[in-house]
Participant: 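Structure in structure tokens, see below.
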Amino acid sequence: MLLKLGIKNLKHNLIMNLLLIIQMTVVLLLAVSMVSTIVTRFQYYTPLKKQLNSNGYFYYIEHGINPVTGATLRQTEELHDLLEGEKEIFAAYSPWLSYNDESVNFVSYDNELIDIYTPEIESGKWFDLNQDQSETVQLVVSQNPYGFKVGDKIKLDSFGNNLNAEIVGILKEGTKIMGFTVPFDKCDCRNAFKNYNYQIEEKPLFILNQKSLLDKNITMQLNGPVFVTYPDDVPNDLLEKNNSIIKTMMTLNITPLNEMKNNSMDYIFSQLYTLFPILICVLILTLVGAVSVSALSAKRQLKNYAVYYICGLKWKQCAKVNFYSSLICIVFSFLLSITAVTAIQIFNIFDETVIQPGIWQLAGCIILTVFYLILSIALPISIIGKNTPHEVLKLN
């Protein structure tokens, strides 16, 4: 019954409630946009969080050569053999492969890099490290001109040696991948990633699992980001010795992980400091809007509430009628905001924005709506609770 009365209240204040729905939809979209901005900045720090909170170094090595043998560095174990006292090493490689003599970029990742970061996949899946790859290796490809589909099997070539590969996933255009250099003015988590756009690169990208290539007759070379971590008590002279060895490997960048972490935090929170005043303004706008609409709605309905009271309802039940009206409005706002975010994603509207769905975005919207609904109960009680039905009917 209270719900029906709430719907009746909506009809009596239709224009006001339509304005409220529009207002709350805009507020929810602003909340989604701000949270998306924050999440976007954290999403490339989070995969590297363990490494960045460890003692060690980030390197960018271009075409790494073993300083002892002069051969290409084919696997992480070779780095372990060259260094002392290290704990973990994660690296990216460039396999010397070709596909039908086409111009293609190749990169292969350690199992650890595959585990900690998954780029956006348009179709298929990321690597399954438990799958047998002795006969056919897994392959993830970018957008390409070949019309590849998930499940297609192709042959790759390494100086006359064939490699059987099955396409297990196709990357979303413009997704960030690991293994390509970016400027190093101030090294942070972004330096381990790069957006890969086939339309810009004009070459498709083929990604492989480095471990699946070790027992194949494939030439590979260490090439890209390398993370080396150490125990906390490692001596400084050992770190310097290891760094001097790595400097002989065509190393373009050496950055301590704690410095990289601090730079990453500066990058992330620099925009938060800008967004915080905006967030406060949005909350104030929501508060003012909720107070105004709830107060006006309650005052306009005082006569009806007095009649409801005489018919047996209590003042708190009358406040619930106002709550149901507000609840219906906020549900419509939620649906409109979800529709708007979905449309932005599907049709690439405002392509340069970072409006996207997600758990944190949903949490931000829920907090705002709960805050508003609490006001929708508290304010009518404070207004109508000070009056008796006789006073209300006399004034109205």
Participant: Quick check against the 3.5 Å criterion: does Asp152 have a side-chain atom that pairs as donor or acceptor with the backbone of Phe148?
Facilitator: no
Participant: With a 3.5 Å distance limit and no angle check, can you tell me whether Thr175 reaches the backbone of Leu171 through a side-chain donor-acceptor pair?
Facilitator: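 A pair under 3.5 Å: no.
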Participant: Would you compute the distance between atom CD1 of Ile177 and atom OG of Ser142 and round it to the nearest 0.5 angstrom?
Facilitator: 8.0 Å
Participant: Sub-3.5 Å donor-acceptor pair from the side chain of Ser158 to the main-chain atoms of Ile218, do we have one?
Facilitator: no
Participant: For a 4.5 angstrom cut-off between non-hydrogen side-chain atoms, does Asn144 reach Val141?
Facilitator: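 Touching, per the 4.5 Å side-chain cut-off.
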Participant: Quick check: does any side chain N or O of Asn162 sit under 3.5 Å from a backbone N or O of Asp157, one acting as donor and the other as acceptor?
Facilitator: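 Flag not set: sc Asn162 to bb Asp157 has no pair under 3.5 Å.
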Participant: Between Tyr117 and Phe193, what is the ring plane arrangement, given parallel below 30°, perpendicular above 60°, and tilted in between?
Facilitator: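 Correct class here is perpendicular.
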Participant: Side chains of Asn253 and Thr255: donor-acceptor distance under 3.5 Å anywhere?
Facilitator: yes
Participant: Might you work through the side chain to side chain contact (heavy atoms under 4.5 Å, CB included) test for Ile116 and Leu48, ending with a clear yes or no?
Facilitator: CA-CA 7 Å; Ile116 65 175; Leu48 304 176; 3.9 Å; yes
Participant: I would like to know whether Asn105 and Tyr196 meet side-chain hydrogen bond (donor to acceptor under 3.5 Å, both in side chains); could you show each step before the answer?
Facilitator: CA-CA 11 Å; Asn105 285 324; Tyr196 199 90; 2.9 Å; yes
Participant: Has the side chain of Tyr93 got a donor or acceptor atom that lies under 3.5 Å from a matching backbone atom of Thr76?
Facilitator: yes
Participant: Count the heavy atoms of every other residue, nucleotide or ligand shown that sit under 6.0 Å from CG of Asp101, and state whether that count exceeds 12.
Facilitator: no
Participant: Fit a plane to each ring of Trp96 and Phe159, take the angle between them on a 0 to 90° scale, and name the class: parallel (under 30°), tilted (30 to 60°) or perpendicular (over 60°).
Facilitator: perpendicular
Participant: Donor-acceptor pair, Thr46 side chain versus Gln43 backbone, under 3.5 Å?
Facilitator: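 No, the answer is negative, given that no donor and acceptor are paired below the 3.5 Å cut-off.
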Participant: Using distance alone, with no hydrogens and no angle criterion, decide if Tyr59 and Asn243 have a side-chain donor and acceptor under 3.5 Å apart.
Facilitator: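 The criterion, which ignores hydrogens and geometry beyond distance, is satisfied for Asn243 and Tyr59.
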Participant: Less than 4.5 Å apart, side chain to side chain, heavy atoms only: is that true for Thr369 and Leu28?
Facilitator: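 Answer yes - side chains close enough.
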Participant: Does a side-chain N-to-carboxylate-O contact under 4.0 Å join Lys186 and Asp266?
Facilitator: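 Yes, Lys186 and Asp266 are salt-bridged.
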Participant: Do Ile61 and Met249 have side-chain heavy atoms sitting under 4.5 Å apart?
Facilitator: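 A side-chain contact under 4.5 Å exists here.
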Participant: For Gln199, is there any backbone N or O sitting under 3.5 Å from a side-chain donor or acceptor partner on Glu173?
Facilitator: yes
Participant: Can you list every pair that meets side-chain hydrogen bond (donor to acceptor under 3.5 Å, both in side chains) and has a residue in residues 224-236, with sequence neighbours left out?
Facilitator: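 side-chain hydrogen bond (donor to acceptor under 3.5 Å, both in side chains) check on residues 224-236 returns Tyr230-Asn242.
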Participant: For residues Met220 and Leu213, determine if any side-chain heavy atom of one lies less than 4.5 Å from a side-chain heavy atom of the other.
Facilitator: yes
Participant: Specify the closest pair of heavy atoms between Ile170 and Val150, including all atoms of both residues, with the distance to one decimal.
Facilitator: CD1-N, 4.3 Å
Participant: Quick one: does Leu79's side chain get under 4.5 Å of Val226's, heavy atoms only?
Facilitator: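 In short, these two side chains touch, coming nearer than 4.5 Å.
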Participant: Asn195 and Lys176: side-chain donor and acceptor closer than 3.5 Å?
Facilitator: yes
Participant: Looking only at heavy atoms, what is the nearest atom pair of Gly174 and Asn197, with distance?
Facilitator: CA-OD1, 3.1 Å
Participant: Pick out which of Thr248, Ile246, Leu73 makes a side-chain contact (heavy atoms from CB on, under 4.5 Å) with Leu82.
Facilitator: Leu73
Participant: Looking at Met260, Glu259, Met265, which one forms a side-chain contact (heavy atoms from CB on, under 4.5 Å) with Leu52?
Facilitator: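 Per the side-chain contact (heavy atoms from CB on, under 4.5 Å) rule, the option paired with Leu52 is Met260, out of Met260, Glu259, Met265.
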Participant: Does the separation of the ring centres of Phe90 and Tyr109 fall below 6.0 angstrom?
Facilitator: no
Participant: Testing the basics here: between Ala165 and Thr136, what is the closest heavy-atom pair and its distance to 0.1 Å?
Facilitator: C-CG2, 3.6 Å
Participant: For the pair Gln51 (side chain) and Phe227 (backbone), establish whether a donor and an acceptor sit closer than 3.5 Å, ignoring hydrogens and angles.
Facilitator: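 The answer is no, because no donor-acceptor pair under 3.5 Å joins these two groups.
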Participant: Heavy-atom distance under 4.5 Å between the side chains of Asn66 and Thr72, does that happen here?
Facilitator: no
Participant: Quick one: does Val104's side chain get under 4.5 Å of Ser98's, heavy atoms only?
Facilitator: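 No, side chains not in contact.
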Participant: Is there a side chain to side chain contact (heavy atoms under 4.5 Å, CB included) between Ile254 and Lys247? Walk through the geometry before answering.
Facilitator: CA-CA 8 Å; Ile254 299 178; Lys247 285 178 182 178; 3.5 Å; yes
Participant: Is a side-chain donor or acceptor of Asp128 paired with a backbone partner of Asn130 at a separation under 3.5 angstrom?
Facilitator: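 It does hold such a pair.
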Participant: Once salt bridge (charged side-chain N to carboxylate O under 4.0 Å, His left out) is applied, what residue pairs with a partner in residues 67-90 remain, sequence neighbours excluded?
Facilitator: Lys50-Glu88, Glu84-Lys241
Participant: May I ask you to check whether Ser94 and Asn223 show a side-chain donor-acceptor distance below 3.5 Å?
Facilitator: yes
Participant: Please identify each residue that fulfils side chain to side chain contact (heavy atoms under 4.5 Å, CB included) with Lys49, with sequence neighbours left out.
Facilitator: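 Partners of Lys49 under the side chain to side chain contact (heavy atoms under 4.5 Å, CB included) test: Tyr45, Asn53.
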Participant: Search all heavy atoms of Leu113 against all heavy atoms of Ala92 and return the closest pair with its distance.
Facilitator: CD1-N, 3.9 Å
Participant: Check this for me: Lys216, atom NZ, are more than 12 non-hydrogen atoms of other residues, nucleotides or ligands nearer than 6.0 Å?
Facilitator: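 Yes, enclosed.
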Participant: For residues 102-122, pull every pair meeting salt bridge (charged side-chain N to carboxylate O under 4.0 Å, His left out), keeping only residues two or more places apart or in separate chains.
Facilitator: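 For residues 102-122: Glu120-Lys172.
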Participant: One pair to check against side chain to side chain contact (heavy atoms under 4.5 Å, CB included): Ile167 and Val140. What are the steps and the verdict?
Facilitator: CA-CA 6 Å; Ile167 296 171; Val140 175; over 6 Å; no
Participant: Examine distances only and state if a side-chain atom of Gln143 and a backbone atom of Tyr198 form a donor-acceptor pair shorter than 3.5 Å.
Facilitator: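 Not a single qualifying donor-acceptor pair exists.
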Participant: So, using side chain to side chain contact (heavy atoms under 4.5 Å, CB included) as the criterion, who are the partners of Ser212 when residues are at least two apart?
Facilitator: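 With neighbours one apart ignored, the set is Gln133, Val137, Asn209.
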Participant: Would Leu139 and Ile154 count as a side chain to side chain contact (heavy atoms under 4.5 Å, CB included) here? Give the steps.
Facilitator: CA-CA 10 Å; Leu139 179 65; Ile154 63 174; 3.6 Å; yes
Participant: Identify the two heavy atoms, one from Asn263 and one from Cys187, that lie closest to each other, and give their separation to 0.1 Å.
Facilitator: ND2-O, 2.8 Å
Participant: List in chain and number order the residues that pass salt bridge (Lys or Arg N to Asp or Glu O under 4.0 Å) with Glu166, two or more places apart in sequence or in another chain; answer none if no residue qualifies.
Facilitator: none
Participant: Which heavy atom of Leu257 sits nearest to which heavy atom of Phe58, and what is that distance?
Facilitator: CD2-N, 3.7 Å
